[in-house]
Structures are given as C-alpha cells and as structure tokens.
2 protein chains.
Amino acid sequence: MSPRVDEQNQQIRDIRKQQLLAAGAKVFGERGYAGTKVSDIVGEAQLSHGLIYHYFSSKEDIYIELAKTAFITSYETIHQAVHSNGSPYERLKAMTEGIFAHTRESGHFFLIALQTNTSKTVPEEASAISKEYSAKSLELLKHLFQQGQEQGEFIKVDPSEQALMYSSMLNGVVFTQLTYPLLEDFPQVDQILRIFIDTSSLKE
Amino acid sequence: MSPRVDEQNQQIRDIRKQQLLAAGAKVFGERGYAGTKVSDIVGEAQLSHGLIYHYFSSKEDIYIELAKTAFITSYETIHQAVHSNGSPYERLKAMTEGIFAHTRESGHFFLIALQTNTSKTVPEEASAISKEYSAKSLELLKHLFQQGQEQGEFIKVDPSEQALMYSSMLNGVVFTQLTYPLLEDFPQVDQILRIFIDTSSLKE
DNA sequence: GTCTATAAAAGGATAGAC
DNA sequence: GTCTATCCTTTTATAGAC
C-alpha cells in the first residue's frame, strides 16, 4: 500500500465520518436519542446500513460524540465572548446577538443539548458532559455579571442568579426561534437585556 | 350484576386509569415518547403488563391523552389569568407567579409539551393539538399586552412579539427550574417583567 | 471501503387463564 | 378486573461477499 493510497483512504474516512455526524445531528435533533433508528441516520447520510459500524461502535457512540460537540462549542462561544474586548454589557450583547444569529445552523445541536439535559434515555456519558460544561459555562457568565455590577452597568443582585436568568432566557428564545423558524428579527436583544441593566446608571 | 357492583367496578376503572395516566406523565416526561416502554409505564404504576391495554388502546393513545391535558390545562391557566381582575400588569404578574409556583407538580406535563413541540416521533394527533392550543394561547397573551399598551403600562412594540417573548421566557425559566430543582426563589418575577414595562409611565 | 443478508434482542400488542 | 405467557414486528449489531 503506497502512502498515496493511505492518504486518499484517510480522506475518505474523514468525509464519511463527517457525513454520518451531520446526518446524526439532524435526525437526533429532530427525533431524539431513542426515537432515532440507525436506519434514520444512514438514510439521511445516503449510506448503507452496515457502514455506520465501520465508523462508530454503536448508536450511543455517535450520540456521545455529537453531544460533546454541542456542549464544548457552546462553552467555547461563551468563553470567547466573555474574554473579548468592550464593557461587560457590550460583550453580553455581542454574544447574545451572535448566538441568535446562528440559531438556524446550530439548531440541531441546540436540540441535542436540550434532550441531553432532560431525557433519562440518553447515554450516561452524554449526561455527564452536559453537567460538566453547563456548570463551567454558568461560571463564566457569573464572572461577566460580576464585572458588570462592579462597573455599575448591571443591577446588583446575586450574579449567579443573573447568569441562570440569562441562560434561561437564551434557551427560551432559541427554542422559540426553532419552533417558529419564519420569525425574522425576533427578538430585540436590547429589550431583553434590560432585565440586567441598572437604569439609574444610564441617567448620569 | 347489581347496580352496586357496577358502581364499584366503575370506581376501580377510574382509579386504574388515573394511575396509568399519572405513571405515564412521569415516565413520558422523563424519557420521551420513543424512549418510554409500555413496561416503564406499568412498572411505575405497579400494574401488570397486559392491563394497560384494558384502559388504553395503545402507547400512542395514552400519550395523546396526556398531551391534551398538558396543552388544555396550560391554555386554561392563561385564559383564566387574562380574564381576571386587575390591571394588565397585575394580571401578568399574578399569572407568572402562579405558573412558577406550580412548576414542580406540573413538571412532567411541561416536559411532555416541550417534546410534543420538538420531536418528530410523537403521535401526529398530539402535534396537532400542540399547534392549535399554542396559537390560541399566544392570541390571549397578545390581547393582554395590547391592553397593557393602551393603558400605558407596557412598552409600545408589536404585541405579538411581546407575547412570543413572554412565552419564550416562561419556557426558559421553567426549564431551568426543572433542571435545577433545588433553586428556592428563582426567579424574581418583577425583574423579569421589566422587559415589558414602560418605565417612563412609572415616573408619573 | 462498501454493501447485502442474517443473527440476536427488544419492545408493542394480544390471548387466554383465573 | 387482572395476570402471565406468547406472538410478531421492529431494530441494533455482526458476518461475509465484493
């Protein structure tokens, strides 16, 4: 086997794996872990039934990989936004707008994350990842709200509660965006973030 | 068969049916439609496997009945609140507090509603009910926001969008309450509803 | 690397006894 | 009214040919 062929094979392998992951993201997002059959995934990917087991050891395996991607990507988005430039409010606003703007593309991953948080039928390992990264993400948000409070931009209430409120609102809005995909410019980010703003500071 | 016995039998039938519905609400909420086995339901209800088919014609059947309950109850809660006494803001606040207060008891129904909205594996009839009642509920909320705007309590933006924003936020918060059941007094309703308030009117 | 055919297991639904 | 045993379809996973 020449190195040339090895390389081509590796390339095919990478493509197939990505095909299966993309198909898995779609159908797992739409149908849930238990509601998705292996035949749904390979059907979506237009590959034969048996081939999936050359790339993943089981249905669980592929779900876990997708859940990992969902939670890690989400965490990194927050991490990046929190550590960027600008005032706390500016960073919060930029992050929120960025997340809403990408709802359509990342919709399946959002639904996978949602299911991983709520359903007792998802693979144990996925639940563990969810728990770990949710906590880490909330911690990042908490720091952002703390900073905002110190600089007088945000209302002074428990920053952990603000972080939880922010994440709740984000979930709720993204969920609505997925339920009503036709909505054009919903929501008004400025309006929403008023919850956290110390209006007295704006009057100065 | 004496009327006496008929009556007792009817009573047993009612109890069994309720047992199965309660068990179904729990396991469907926790595991989703596809992830729930008939054996999960009867196991939870502590009844034998075959008995469920004396009370329901299929797994679909019991799910549909539960979804109906979820959406109709939700609709009626909103209907009642919207048509009660007090200013629009007072009604909105009372409704919101009422909903949050009952999250624990109605948690399983909330999760069933959530799944019915997102999963393509739930029975067709449940999806139809979801669509119907969601639209009706949003219509009620829209009217409440319209009234609030006319009376100067609420910011003047598209009331449909406010209704959607309110329902998004509600979903997000209830979801968080179910994910973190230990939270005591989350959230601060007054804080949240600031999104809708016309602050200039408060200064009068 | 990919496919079809098959094995093995799981789960929904029914039958018939009590 | 209730239960256990059984049927039968669906679905995951593997084997082996190309």
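As the structure is a prediction and not an experimental result, all values here were calculated from the model. First the proteins, then the strands, lettered A, B, ... as listed; each starts at 1.
Look at CZ on B:Arg31: it is 11 Å from P on C:dG12, rounded to the nearest Å. Distance A:Leu20 CG to C:dC3 P: 10 Å, rounded to the nearest Å. The distance between atom OH of B:Tyr63 and atom P of C:dG11, rounded to the nearest whole Å, is 19 Å. Per the geometry, CD belonging to B:Gln18 stands 17 Å off C1' belonging to D:dG1, to the nearest Å. Note: CD (B:Glu7) to P (D:dG1) measures 15 Å, nearest angstrom. To the nearest angstrom, P of D:dG1 lies 13 Å from CD of B:Gln19. Spacing between atom CD1 of B:Ile52 and atom P of C:dA13 amounts to 9 Å, rounded to whole angstrom units. Rounding to whole angstrom units, CD of residue B:Glu60 and P of C:dG11 are separated by 18 Å.
Of all nucleotides listed (D:dA13, C:dC3, C:dG12), C:dG12 comes nearest to the side chain of B:His49. Candidate nucleotides D:dA13, D:dT2, C:dG1 were compared by shortest atom distance to the side chain of A:Ser58, and D:dA13 ranks first. Set against D:dT12, C:dA13, C:dT4, the side chain of A:Lys59 has D:dT12 as its closest nucleotide. Closest to the A:Asn9 side chain, of the nucleotides C:dG1, D:dT4, D:dG1, is C:dG1.
Looking at which nucleotide of DNA chain D each of A:His54 and A:Lys37 is closest to, the 5′-most match is held by A:Lys37.
Contact annotation for B:Leu51: base contact, defined as any heavy-atom pair under 4.0 Å involving a base atom.
No more than 12 heavy atoms of other residues, nucleotides or ligands sit less than 6.0 Å from atom CD of A:Gln46. Residue B:Asp14 qualifies as enclosed at atom CG: its count of foreign heavy atoms under 6.0 Å is above 12.
Within the 4.0 Å cut-off from OP1 or OP2 of C:dG1, not a single side-chain nitrogen or oxygen of A:Arg16 is found. An OP1 or OP2 oxygen of C:dT2 is reached within less than 4.0 angstrom by a side-chain nitrogen or oxygen of A:Tyr55. For B:Tyr53 and C:dT14, the shortest distance from a side-chain N or O to OP1 or OP2 is not below 4.0 Å. The side chain of A:Arg13 places an N or O atom within less than 4.0 Å of a non-bridging phosphate oxygen (OP1 or OP2) of C:dG1.
A cation-pi arrangement is not found for B:Lys59 relative to B:Phe28, the charged atom failing to lie both closer than 6.0 Å to the ring centre and inside a 45° cone about the ring normal.
Ring orientation note: the planes of B:His79 and B:Tyr75 are tilted relative to one another, at an angle of 30° to 60°.
In summary, B:Lys142 and B:Glu161 do not engage in a salt bridge, as defined by a charged side-chain N under 4.0 Å from a carboxylate O.
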